Q: 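A single structure is presented below for examination.
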There are 2 protein chains.
Amino acid sequence: MAARGTHGRRPTLEEVAARAGVGRGTVSRVINGSPRVSDATRATVEAAVAELGYVPNTAARALAANRTDAIALVVPEPETRFFAEPYFSDMLRGVGAELAETEMQLLLIFAGNDRERQRLAQYLAAHRVDGVLLVSVHADDPLPDLLSQLEIPAVISGRRSAAETLPSVDSDNFAGAYSAVEHLLGRGRTRIATITGRLDVYGAQRRVDGYRAAVEAAGREVDERLIVPGDFTEEGGRRAMAELLERCPEVDAVFAGSDVMAAGARQVLREAGRRLPDDVALVGYDDSAIARHMDPPLTSVRQPIEEMGRAMIDLLLAEIADRRPAASRTLDGRQLVLPNELVQRASS
Amino acid sequence: MAARGTHGRRPTLEEVAARAGVGRGTVSRVINGSPRVSDATRATVEAAVAELGYVPNTAARALAANRTDAIALVVPEPETRFFAEPYFSDMLRGVGAELAETEMQLLLIFAGNDRERQRLAQYLAAHRVDGVLLVSVHADDPLPDLLSQLEIPAVISGRRSAAETLPSVDSDNFAGAYSAVEHLLGRGRTRIATITGRLDVYGAQRRVDGYRAAVEAAGREVDERLIVPGDFTEEGGRRAMAELLERCPEVDAVFAGSDVMAAGARQVLREAGRRLPDDVALVGYDDSAIARHMDPPLTSVRQPIEEMGRAMIDLLLAEIADRRPAASRTLDGRQLVLPNELVQRASS
DNA sequence: CAGTAGAGTGGGAGCGCTCCCATAGGTGAT
DNA sequence: ATCACCTATGGGAGCGCTCCCACTCTACTG
């Protein structure tokens, strides 16, 4: 099967070279922006490229150069969650923007169930991408190990633990939580509770640590009854808030580990007849669209997610460029922690 | 499970052939599932593949076979809209599910602004995908023409006009709207209005056509004042509903061209003190999550979006397999129209 | 029992690039 | 003038596959 368009094949490097009256190597150098070409020759070649409408054949390039010019954003969650959370789309925006500067192609890969993970493993084994961006990875996920075994450059968003071994871009969850609680203390609140995220996510742990540290820094003792586990979902927020009202009805402030959980908590508070912020002050995390649209608008800690996305790309491109074995290098300068910022609104 | 040593190059076809004691061609045939291999040989080769942990080199394959085993889902909208609308994620789910059966890779490409469109054109010119899925294309979009010029197989969701030239998968908007209005008539409503979608979208036009046809079929005359233009947004729904209440305060039913617009209309109705469904019955379109979560839950016309996604993939794979020039074939059987279904809830 | 089909197989000839070595010519120092 | 050493350039040798033709067997045919 002669699988080709009927109207003329696409021109090849060779044909461009003939047209420009130069050798194949020279055209290749021009295409790839090598400095070792005289200005005159470069101009001639560029003219030939334009005339012929030459576009390099990616497959041939990939085969010869052993690179793909593509990177993958791997989301180890079902698509539904991906779309539900503004976190991901903000991240994607940052990544996309930074990547637009380059010739790199972005692949979006979901690995929410076993079948998809199987496919992903196959995909990675085939080295179909030059590097991988990992978002929201759980502590026990085998993916990072697979990646380093295959020697595929990768950058992770957040960290799996304090001893993260991969290059990473994280935000300062400890300081963010600290500032939120400090703010509530400053407002004169005395019984400040927290609804945590899933504690197998390191960032969620750090937020609890920040909560504890802020309470202790104010000279108070941490009341363990006021720390209620959530799971980052709205329903989890509802459950946790209900539990909280039962455990300690006189609670006057809640720091939720995510805006979505704060939204759930808010519903329960409303049903319980508590007014915001008069009876209970509420602070969320993420500063997502939900926070701005809540009634009253929600005070929230803002993570610079888009910027994190950009930083991840920068880091990953550097990893790809520096093809030394990852093990032989230190992590110095390859693990970023970006600052968080409290955005005050009417809920507190 | 083909666990393989972490060091050393990836094995090649040649090496698998040597290991299995057969020729290169035979291994290729096994890998590609050709029937012209004896069972015994096939088993031997498969064993060698497993032992060596062989994974084909995609770039080499693409170069030699002149195909990429990848297709693109092109979204000519900014990312934000993509993530905001359940339409897209449902579509993506269908597409993903159907594609999981194959070896094909899905690329998600946004072309929301000129720069992104520029990149896309470059990308397509490089033939980096075997086919393209086009969603929510406007009547005057140049993309479909570019695609047929490059002879890249493509399938479009919805149609740009009655005379769509591309293979397409649409849903029966006419019948869907008809059944919605018929339902309202059956409820004894007499002043039924409609808020339309953007009329440069063919499907929105067809919904209006269905509305008219149903009204006329009931032996009534269409009152043009009751047809108010919207734009698929919530704000547009609010504006249209406000306009409607002014034009014709005694309206007792509204058929909105989308759930999002229905949600906007519902707000205005609430503010105007109209109760649902007692004073005004409301019906939306899409049966999205919004419909289920409204108060009262919204009657809506369901499009089988996930199924449409599946159908698009089937069609596209057939297009890719049948590499004859698109112009030389008829569109028979390559344009699908799937049925819509009214989902009744408390709002009507 | 030659004659004709297959079925099953091996391997040459590319696909269109990049990499790198060889070479030509230019420059300045000795 | 000689040498060393640049810069700019040409083109051979692959990269790892698929395609396809040639070949060998076997199994029928008449």
Side-chain angles (χ1 to χ4, degrees), chain A residues 1-5 8-46 48-49 52-70 103 125-128 130 323, chain B residues 8-46 48-49 52-70 103 125-128 130 321 323:
Chain A
M1 200 154 289
R4 237 338 148 26
R9 297 163 24 269
R10 294 167 53 196
T12 68
L13 238 209
E14 195 91 45
E15 287 160 12
V16 174
R19 176 74 167 227
V22 300
R24 207 173 359 90
T26 300
V27 178
S28 175
R29 270 172 287 238
V30 171
I31 298 293
N32 292 292
S34 156
R36 333 197 115 266
V37 182
S38 71
D39 290 347
T41 308
R42 181 183 308 278
T44 317
V45 171
E46 277 167 354
V49 165
L52 266 42
Y54 171 73
V55 179
N57 180 318
T58 339
R61 173 177 283 175
L63 178 59
N66 197 32
R67 62 187 160 82
T68 63
D69 292 328
E103 294 286 87
H127 283 263
R128 290 185 69 163
D130 292 340
R323 298 288 291 123
Chain B
R9 297 165 22 271
R10 296 166 52 197
T12 68
L13 239 207
E14 195 90 45
E15 287 159 13
V16 175
R19 176 73 168 226
V22 300
R24 207 172 359 87
T26 300
V27 178
S28 176
R29 273 175 289 252
V30 171
I31 298 293
N32 293 290
S34 156
R36 335 195 115 266
V37 182
S38 71
D39 290 346
T41 308
R42 181 183 308 278
T44 316
V45 172
E46 277 167 353
V49 166
L52 266 45
Y54 171 75
V55 179
N57 180 318
T58 338
R61 172 176 284 177
L63 179 58
N66 197 32
R67 61 187 161 82
T68 63
D69 292 328
E103 294 286 86
H127 285 262
R128 290 185 69 164
D130 292 340
R323 300 285 287 123

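Throughout, a chain's letter reflects where its sequence line sits, starting with A, and its residues are numbered from 1. Only a predicted model underlies this, so the values are computations on that prediction, with no experimental measurement involved.
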Q: Rounded to the nearest angstrom, tell me the gap between atom CD in B:E15 and atom C1' in D:dC17.
A: 13 Å
Q: When you measure only distances, ignoring hydrogens and angles, does the side chain of B:R10 come within 3.5 Å of the base of D:dG16 through a donor and an acceptor?
A: no
Q: Could you report the tightest heavy-atom contact between B:A17 and B:V27, atom names first, then the distance?
A: CA-CG2, 3.5 Å
Q: Look at the side chain of B:L63 and decide which nucleotide, out of D:dC17, C:dT9, C:dC15, has an atom nearest to it.
A: C:dC15
Q: Using only modelled atom types and a 3.5 angstrom limit, is any donor from either the side chain of A:R29 or the base of D:dG10 paired with an acceptor on the other?
A: yes
Q: How far apart are the closest heavy atoms of A:R10 and A:E15, and which atoms are they?
A: O-OE1, 4.3 Å
Q: Over all strands shown, is B:N32 touching base, sugar-phosphate only, or nothing at heavy-atom distances under 4.0 angstrom?
A: sugar-phosphate
Q: Taking CD from A:E14 and C1' from C:dC15, how many angstroms apart are they, rounded to a whole number?
A: 12 Å
Q: Nearest to the side chain of A:S38, which nucleotide is it out of D:dT9, C:dG8, D:dC19?
A: D:dT9
Q: Looking at every heavy atom in both A:T68 and B:R128, which two are closest together, and how far apart are they?
A: O-NH2, 3.8 Å
Q: Between B:R42 (CZ) and C:dA7 (P), how many Å, whole number?
A: 14 Å
Q: Look at the side chain of B:T26 and decide which nucleotide, out of C:dT18, D:dC17, C:dT9, has an atom nearest to it.
A: C:dT9
Q: Using a cut-off of less than 4.0 Å, is there contact between a side-chain N or O of A:S28 and OP1 or OP2 of C:dT18?
A: yes
Q: Rounded to whole Å, how long is the line connecting atom CZ of B:R67 with atom C1' of D:dC19?
A: 11 Å
Q: If you check every side-chain atom of A:R36, which of D:dA8, C:dC17, D:dT18 has the closest atom?
A: D:dA8
Q: Looking at every heavy atom in both A:L13 and A:Y54, which two are closest together, and how far apart are they?
A: N-CE1, 3.6 Å
Q: Given atom CG of A:L52 and atom P of C:dG16, what is their separation to the nearest angstrom?
A: 14 Å
Q: Donor-acceptor pair, A:R29 side chain versus A:G25 backbone, under 3.5 Å?
A: yes
Q: Check every atom of C:dG10, C:dC17, D:dG10 against the side chain of A:V22 and return the nucleotide holding the closest atom.
A: D:dG10
Q: Using a cut-off of 4.0 Å on non-hydrogen atoms, how would the nucleic acid contact of B:R61 be classed: base, sugar-phosphate, or nothing?
A: sugar-phosphate
Q: Between D:dG14 atom C1' and A:N66 atom CG, what is the distance in whole Å?
A: 13 Å
Q: Measure CG/B:L13 against P/D:dG14 and give the value in whole Å, please.
A: 19 Å
Q: Between D:dG16, C:dC17, D:dT18, which one does the side chain of B:A65 approach most closely?
A: D:dT18
Q: Hey, which of these two, B:G25 or A:A60, hits DNA chain C nearer its 5' end, going by closest nucleotide?
A: B:G25
Q: May I have the distance from B:R24 (atom CZ) to D:dC15 (atom P), rounded to whole angstrom?
A: 12 Å
